[in-house]
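These values consider heavy atoms only, across backbone and side chains, with no hydrogens, waters or symmetry-generated copies.
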Amino acid sequence: MAVANSGVATRSRPAVWSGAIGNVVVEDHPVNVTAISFNGGAGGGTFRIFDNATTNTGNVIYSQTLIANQIDTVLFPVPLKARNGITINASAALGVGSIHAF
């Protein structure tokens, strides 16, 4: 399970997350997301990234579905702005990944 990062950064830094099916709060403050990495785990699944620091409600800023054991990294040349923080909602029990944000 990820621990929310409350710090302020001037350059992109990774915030790793993992966990069971459900919600993981990765950032609890406004951030600019420059990249997202996913590993679908043994069963694959859908990952939704919410602009929210508590639950999987509000605006979905990115979503992706992966098959079993698929690994993918998405780079954003123009960062995605999350005004409230980042919550990841995963349908994959073994899904892991990271976001890079500042």
Ring pair (Phe, Tyr, Trp, His ring centres under 6.0 Å) contacts in which one or both residues fall within residues 65-95, not counting sequence neighbours
Tyr62-Phe76

From [X] [atom1] over to [Y] [atom2], what is the distance, rounded to the nearest 0.5 angstrom?
X	Y	atom1	atom2	value
Asn59	Lys81	CG	NZ	15.0 Å
Asn69	Ile71	CG	CD1	7.5 Å
Asp72	Asn39	CG	CG	10.5 Å

Mind listing the closest non-hydrogen atom pair of [X] and [Y] along with its distance?
X	Y	answer
Leu66	Gly40	CD2-N, 4.0 Å
Ser63	Arg48	OG-CG, 3.5 Å
Ala82	Asp51	C-OD1, 3.4 Å
Gly85	Ala53	CA-CB, 4.3 Å
Glu27	Ala15	OE2-CB, 3.6 Å
Val33	Ala101	CA-CB, 4.1 Å

Can you name the one residue among Ile36, Leu80, Val74 that meets side chain to side chain contact (heavy atoms under 4.5 Å, CB included) with Ile99?
Ile36

Is a side-chain N or O of [X] found less than 3.5 angstrom from the main chain of [Y], in a donor-acceptor match?
X	Y	value
Asn23	Asn89	no
Asn52	Thr54	yes
Ser91	Gly45	no

May I ask you to test the [X]-[Y] pair for a side-chain heavy-atom distance under 4.5 Å?
X	Y	result
Ile86	Ile61	yes
Thr55	Thr87	no
Phe38	Ile88	no

Set of ring-ring contact (aromatic ring centres under 6.0 Å, His included) partners for Phe50, sequence neighbours left out
none

